[in-house]
Amino acid sequence: MCGIIGYAGHRPAVTVVIEGLKRLEYRGYDSAGVAFVQNKCLETVRSEGKLERLEQKLSRCDPYLATTGMGHTRWATHGLPNEQNAHPHQDQSGRLALVHNGIIENYLSLKDQLEQEGVEFQSETDTEVLVQLIGWHMHKDGLSLQRAISRALEQVEGAYALAVFSTDNPDQLWAVRNSSPLLLGVGQGENFVASDIPAFLNYTREVVFLDDHELVLIQPHSWQVYDSRNLEPVTKAPEHITWDVQSAQKSGYKHFMLKEILEQPQVIRDCLAGRIDRDTRKVVLKELEGWEVPTRVHIVACGTSFHAGLWAKYYFERWSGLSVQVDIASEFRYREPILKPGELVVVISQSGETADTLAGLRIAREKKVPVLGICNVLGSTVARESDLVLYTQAGPEISVASTKAMCSQMVALILLTLYWGQAKGTVSSDFSSKALKELESLPELMQAGIPGMHEQARSLARKYSVARSFFFLGRGENYPLALEGALKLKEISYIHAEGYAAGEMKHGPIALIDQDFPTFALVTDNDLLQKLQSNLQEVQARGGPVIALTSPGVEIRVADRWEVPKVWSQLAGFFILPALQLFAYEMAVYLGKDVDQPRNLAKSVTVE
Ligand code: AGP
């Protein structure tokens with residue numbers, strides 16, 4: 001997730017753009033850049049790191065005559081976060097500059113085609129392919145910028161929100177979207193395009209929400225929207241926004257945590273992007289090309305990331321026929337783990353900076369066992385020290401309580417189990433194709449199902465807000481999710497909660513059960529359903545209230561039945577997870593806790 005802004009008006013464009021980028025820094029901040037046209041010359045200033053580095057560079061030039069400009073804060077997905085890969089990118093003619101948010105899935109094949117036509121690339125990014133392709137159509141086919149954009153996008157597969165301008169018409173700026181957010185801000189004698197409202201909220205509250213395949217031209221005194229496919233004009237009307245900047249950065253939600261929970265459908269799309277071959281319907285993981293299937297996998301992680309790894313263990317065994325050991329990193333690092341040649345250590349970390357997880361990574365390196373890092377931050381220490389990296393592409397996760405990161409880790413791990421299952425022949429191509437079809441259907445199902453789940457979470461949270469302790473119970477792949485549900489409730493509502501394998505209750509914990517000790521049971525339609533039902537009867541026989549988070553059609557008699565939308569039983573976890581997150585969220589809100597910055601916690605635990 002990156003931040004883009006474009007401006008055409010009467011003010012010094014670079015000042016407006018930098019101010020807008022500051023308001024978009026929560027969307028990505030590993031590098032930044034601006035482009036503007038001054039004295040008919042295209043100027044591009046970019047820098048690695050935070051915005052202040054870019055401002056220092058700008059202070060050494062005089063960019064204040066330009067009244068049209070664009071800017072970008074990057075959350076790298078392709079190409080390390082450095083100046084060379086920072087946006088804006090230019091085409092080789094030096095007439096075009098472009099900024100982009102999204103993932104171009106077929107950028108490598110387009111890049112090959114352009115290189116064969118003599119185009120020379122300056123970066124590793126998918127974005128530069130976009131601007132070179134547009135420039136190539138202008139040069140080779142003699143097309144206008146508008147037509148060249150349309151022609152280029154016919155060839156592009158993937159998600160994008162982009163802004164582009166040319167020195168030919170320095171007061172015109174074009175922008176277009178497909179799957180990534182893009183808005184138009186309508187001012188007096190000035191117009192804006194941006195990824196999100198905060199970027200221009202200081203100048204105008206009149207916003208046009210653009211839809212997929214809508215191409216907009218902004219000039220200081222006019223704007224016009226077109227269908228990017230046929231260039232037919234499209235009628236759009238501005239809406240008046242009443243948010244303040246802070247709430248606009250959370251897309252109007254009260255907390256980043258809620259915004260990030262609701263981003264999970266898009267996170268699944270982004271994590272799948274470019275990793276399923278549309279023809280063969282097989283998993284394609286370029287990052288692992290040339291690497292043998294490991295003989296055994298050791299997963300090492302902390303907290304929520306550990307729960308994602310433990311959840312994946314069930315699928316590695318079931319689908320890939322692989323033996324998997326999952327360890328909490330702070331234990332792994334002080335044991336004498338037996339790691340053998342041919343094995344693989346998989347470290348999972350959203351931040352890529354967790355000290356215990358890094359220690360586990362370094363033990364593997366010392367023992368000469370390769371490491372696959374599954375992380376969300378390009379250029380993070382885990383990414384730099386791993387032999388292989390599988391990025392989760394979830395975009396920045398601001399809230400301390402990790403939500404969308406776990407969803408993206410689960411997607412990456414499921415892809416990995418299918419990838420290795422394909423290689424070992426432990427999954428048939430029919431099964432693999434079905435699993436991928438079900439995965440691809442998740443975002444739409446979640447988009448439709450989450451609002452109803454949110455309502456149920458809110459009412460259950462209020463009903464059980466007096467509880468001082470909870471059990472979270474699950475069996476099979478629901479056991480790690482029970483651990484995660486307990487962690488979420490603990491860390492943001494400060495209510496004690498224990499996640500347990502349901503079969504363990506009779507070995508002691510059931511002694512705690514009484515009417516004031518509710519149990520949250522994950523009762524999806526897996527092979528252990530009957531066994532779990534008898535575990536819950538034991539709990540209810542002792543007066544313990546049970547909330548059953550279950551799937552349609554599952555027979556269960558409990559105090560509160562919470563039914564999540566129907567989905568392939570193997571992937572029910574993708575609905576169980578947001579339900580648990582929403583329950584914890586609504587409980588914390590109801591109890592008046594600081595949801596995004598819970599007491600005693602840090603977003604990334606970079607010390608032991
Ligand atoms: C989860 O909500 C917590 N914020 C915490 O457990 C976190 O998952 C853990 O510290 C690991 O962080 P990482 O994924 O960045 O390594």
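The residues of the chain are indexed from 1 along the displayed sequence.
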Centroid-centroid distance, [X] to [Y], less than 6.0 Å:
| X | Y | answer |
| --- | --- | --- |
| Trp562 | Phe575 | no |
| Phe472 | Phe520 | yes |
| Phe471 | Phe517 | yes |
| Tyr479 | Trp311 | no |
| Tyr585 | His255 | yes |

Closer than 3.5 angstrom, by distance alone: can the side chain of [X] be matched with the main-chain N or O of [Y] as a donor-acceptor pair?
| X | Y | answer |
| --- | --- | --- |
| Glu444 | Ser441 | no |
| Arg365 | Glu385 | yes |
| Asp277 | Val284 | no |
| Thr550 | Glu563 | no |
| Asn101 | Gly3 | no |
| Asn178 | Asp212 | no |
| Lys404 | Pro396 | yes |
| Ser432 | Ser428 | no |
| Asp327 | His298 | no |
| Thr524 | Ser551 | no |

Output yes when [X] and [Y] qualify as a salt bridge under the 4.0 Å nitrogen-oxygen rule, no when they do not.
| X | Y | result |
| --- | --- | --- |
| Lys313 | Glu317 | yes |
| Lys250 | Glu260 | no |
| Glu366 | Arg362 | no |
| Lys50 | Asp30 | no |
| Arg458 | Glu455 | yes |

Would you indicate whether [X], at its atom [atom1], is surrounded by more than 12 heavy atoms from other residues, nucleotides or ligands within a distance under 6.0 Å?
| X | atom1 | result |
| --- | --- | --- |
| Lys531 | NZ | no |
| Lys463 | NZ | yes |
| Tyr494 | OH | yes |
| Glu292 | CD | no |
| Glu287 | CD | yes |

Note to self: Working note: Phe470 + Phe583, criterion side-chain contact (heavy atoms from CB on, under 4.5 Å); need CA distance, chi angles, decisive distance, verdict.
What the structure shows: CA-CA 12 Å; Phe470 276 84; Phe583 178 73; 4.0 Å; yes
Next item on the list: Dump the intermediate steps for side-chain contact (heavy atoms from CB on, under 4.5 Å) on Thr125 and Arg74, then the final yes or no.
Entry: CA-CA 11 Å; Thr125 64; Arg74 187 165 181 245; 4.0 Å; yes
Could I get the full list of salt bridge (Lys or Arg N to Asp or Glu O under 4.0 Å) partners for [X], not counting sequence neighbours?
| X | answer |
| --- | --- |
| Glu353 | none |
| Glu477 | Arg318 |
| Glu498 | none |

Next item on the list: Go through Ser402 and Glu397 one step at a time and tell me if the side chain to side chain donor-acceptor pair (under 3.5 Å) criterion holds.
Entry: CA-CA 7 Å; Ser402 190; Glu397 186 175 68; 2.8 Å; yes
Next item on the list: Can you tell me which residue pairs pass the salt bridge (charged side-chain N to carboxylate O under 4.0 Å, His left out) test with a partner in residues 302-312, sequence neighbours excluded?
Entry: none
Margin query: Test side-chain contact (heavy atoms from CB on, under 4.5 Å) on Leu416 and Leu372; report intermediate values, then the result.
Written below: CA-CA 11 Å; Leu416 203 48; Leu372 165 63; 3.6 Å; yes
Considering all heavy atoms, the nearest [X]-[Y] contact:
| X | Y | answer |
| --- | --- | --- |
| Leu522 | Asn478 | CD1-O, 3.4 Å |
| Val345 | Val300 | CG1-CG2, 4.1 Å |
| Leu591 | Ser465 | CD2-O, 4.1 Å |
| Ile348 | Ala301 | O-CB, 3.4 Å |
| Thr426 | Trp319 | OG1-O, 2.7 Å |
| Cys271 | Leu415 | O-CD1, 4.0 Å |

Next item on the list: Could you please spell out the steps behind the side chain to side chain donor-acceptor pair (under 3.5 Å) verdict for Asp270 and Gln393?
Entry: CA-CA 6 Å; Asp270 290 348; Gln393 300 178 156; over 6 Å; no
Item checked: Check against side-chain contact (heavy atoms from CB on, under 4.5 Å), Ile495 and Lys490 -> CA-CA 5 Å; Ile495 294 175; Lys490 275 185 281 209; over 6 Å; no
Check: Taking Glu105 as the fixed residue, which of Arg278, Arg275, Arg269 is the one that meets the salt bridge (Lys or Arg N to Asp or Glu O under 4.0 Å) rule?
Finding: Arg278
Next item on the list: Kindly write out the residues that satisfy side chain to side chain donor-acceptor pair (under 3.5 Å) with Ser305, not counting sequence neighbours, or none if the list is empty.
Entry: Gln409
Next item on the list: Please name all residues satisfying side chain to side chain donor-acceptor pair (under 3.5 Å) with Ser459, sequence neighbours left out, ordered by chain then number.
Entry: none
Notebook entry, point to check: Would Arg281 and Glu440 satisfy salt bridge (charged side-chain N to carboxylate O under 4.0 Å, His left out), going step by step from the backbone distance to the final call?
Noted result: CA-CA 11 Å; Arg281 302 299 298 157; Glu440 289 177 313; 2.5 Å; yes
Next item on the list: Evaluate the ring planes of His87 and His72, with Trp represented by its six-membered ring, and classify them as parallel (under 30°), tilted (30 to 60°) or perpendicular (over 60°).
Entry: parallel
Item checked: Intermediate values then yes/no, side chain to side chain donor-acceptor pair (under 3.5 Å), Ser569 and Asp525 -> CA-CA 6 Å; Ser569 61; Asp525 184 12; 5.7 Å; no
Note to self: Apply salt bridge (charged side-chain N to carboxylate O under 4.0 Å, His left out) to residues Asp356 and Arg333 and explain how you reach the verdict.
What the structure shows: CA-CA 7 Å; Asp356 288 324; Arg333 67 182 292 187; 2.8 Å; yes
Next item on the list: Compute both the distance and the angle, then confirm whether Arg177 meets the cation-pi test with Tyr160: under 6.0 Å from the six-membered ring centre, within 45 degrees of the axis.
Entry: no
Item checked: Criterion salt bridge (charged side-chain N to carboxylate O under 4.0 Å, His left out) on Lys434 and Glu438, from CA distance to verdict -> CA-CA 6 Å; Lys434 171 179 174 52; Glu438 297 292 349; 2.8 Å; yes
Item checked: Thr304 and Lys488: CA distance, side-chain angles, deciding distance, side chain to side chain donor-acceptor pair (under 3.5 Å) verdict -> CA-CA 9 Å; Thr304 290; Lys488 282 282 123 3; 3.2 Å; yes
